[in-house]
Amino acid sequence: AYGALIIKENKTDDRYDVDNANNTLVIQEWYESATNQTPVSILINGQGRVGEQKLAGSDEEILKHLQGKGGTFQYVMNEDYVGPDNFKTSYPEFTVEKGKRYRFRIISTISQNLPLRVSIDGHRFAAISTDSR
């Protein structure tokens, strides 16, 4: 089984107006292949896109990266890229009402040390809790 397990508290919270479990983003890395553990994209709720370029490195450099010892990678053309307006998959979209505050859960299932910066176009947001360091 894979996914989010959400246990809601039996109380209200005045920091948000809408608390819907469907407003959950499960984020994970997408690898080149089962044997090449170089991340080429990020999946959100199982959906992802590939870029025009991807990172590539030798088996030795990938092993050094996985062992936490660095690694040298370079950008190469991505053969799976089909153009900016022709993605095979789309990221999820959420409809919100102006003036309401929504609770979104962002769950990172990334297994490597792959830092992310999360932004929402045209919106401000604040983290109200975390469950790990």
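Since the structure is predicted, the reported quantities are computational estimates derived from the model, not experimental observations. Counting from 1, the numbers follow the sequence of the chain as shown.
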Linked, directly or transitively: Val18 and Ile120 (ILVMFWY side chains, under 4.5 Å):
yes
Val26 reachable from Ile6 in the ILVMFWY side-chain graph, under 4.5 Å edges:
no
Where do [X] and [Y] come nearest, in terms of heavy atoms and distance?
| X | Y | value |
| --- | --- | --- |
| Asn20 | Asn22 | OD1-N, 2.8 Å |
| Glu61 | Phe73 | O-CZ, 3.9 Å |
| Arg15 | Asp13 | NH2-OD2, 2.6 Å |
| Arg103 | Tyr16 | NH1-OH, 2.8 Å |
| Glu29 | Thr109 | OE1-O, 4.0 Å |

Aromatic ring centroids of Phe94 and Phe104 under 6.0 Å?
yes
Quick check: are there more than 12 heavy atoms from other residues, nucleotides or ligands sitting under 6.0 Å from NZ of Lys69?
no
Phe125 atom CZ, neighbour heavy-atom count above 12 within 6.0 Å
yes
Within the distance-only criterion (no hydrogens, no angle test), does the side chain of Gln74 pair as donor or acceptor with the backbone N or O of Ala56 below 3.5 angstrom?
yes
Once you round to the nearest 0.5 Å, how far does CG of Asn23 lie from CD1 of Ile106?
10.5 Å
Option among Asp17, Asp19, Asp14 that satisfies the side chain to side chain donor-acceptor pair (under 3.5 Å) test with Arg101
Asp17
